[in-house]
Amino acid sequence: MLYCMADRKLSADLLRGHTDTIVLRLLTDGDKYGYEITKLVFDNSDQLYELKEATLYSSLKRLEKDGFITSYWGDESQGGRRKYYSVTALGRDLYHDNKRNWEYAKQIIDRLV
């Protein structure tokens with residue numbers, strides 16, 4: 001569950017609209033598989049936000065269909081066969097555009113709230 005500092009539940013809807021951007025951000029550091037992405041989201045949020053598996057895979061499918069990421073199967077010698085995701089140049093551009101839009105929206109919200 002997601003809590004703000006005052007131990008109040010924060011609506012996951014506030015972050016859900018940014019799932020694609022969060023995933024793209026993590027992939028800019030290198031190729032990753034699904035579980036690794038969810039673990040990084042949880043760890044990087046100081047265990048305050050858990051990205052649901054269905055939400056993640058919907059995002060990955062959408063990003064791949066639109067050409068923002070690609071996928072490939074990893075080497076089976078690493079244990080179970082894993083599907084890895086890699087960001088494309090188009091995906092990097094989308095990430096930077098979304099981040100700028102987020103910063104702009106954050107400025108406006110900070111002034112209004």
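Quantities reported herein were computed from a predicted structural model and do not represent experimental measurements.
- A single hydrophobic cluster is not seen to contain both I22 and I109; linkage of ILVMFWY side chains at heavy-atom distances under 4.5 Å, directly or through other members, places them apart.
- Note that CZ of R111 is 11.5 Å distant from NZ of K106, once rounded to the nearest 0.5 Å.
- In this structure, Y72 places its OH atom where more than 12 heavy-atom neighbours from other residues, nucleotides or ligands lie under 6.0 Å away.
- Once rounded to the nearest 0.5 Å, the distance linking CZ of R82 with CD of E36 reads 8.0 Å.
- Looking at every heavy atom in both residues, Y85 comes nearest to I69 through CD2-CD1, 3.7 Å.
- Salt bridge R62/D66: absent, no basic N to carboxylate O contact under 4.0 Å.
- To the nearest 0.5 angstrom, K99 atom NZ is 10.5 Å from T28 atom OG1.
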message: Before you tell me yes or no, could you show the steps for T88 and T70 under side-chain contact (heavy atoms from CB on, under 4.5 Å), namely the whole-Å CA-CA distance, both residues' side-chain angles and the distance that decides it to 0.1 Å?
response: CA-CA 7 Å; T88 64; T70 58; 3.7 Å; yes

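- The one candidate from Y84, W73, Y57 that meets the ring pair (Phe, Tyr, Trp, His ring centres under 6.0 Å) condition with Y33 is Y84.
- D20 contributes atom CG, which lies 13.5 Å from atom OH of Y95 (distance to the nearest 0.5 angstrom).
- The minimum heavy-atom distance between D31 and S86, with the atom names listed, is OD1-OG, 3.1 Å.
- Side chain of T55 to backbone of L51: no donor-acceptor contact under 3.5 angstrom is found.
- With a 4.5 Å cut-off on side-chain heavy atoms, K32 and L40 count as touching.
- Taken to the nearest 0.5 Å, the NZ atom of K39 stands 11.5 Å off from the CD atom of E50.
- Note that CZ of R92 is 9.0 Å distant from CG of L27, once rounded to the nearest 0.5 Å.
- In this structure a side-chain-to-backbone donor-acceptor pair under 3.5 Å is present from S45 to V41.
- Smallest separation of non-hydrogen atoms from G74 and R81: O-CG, 4.2 Å.
- Between V87 and V23 there is no side-chain heavy-atom pair separated by less than 4.5 Å.
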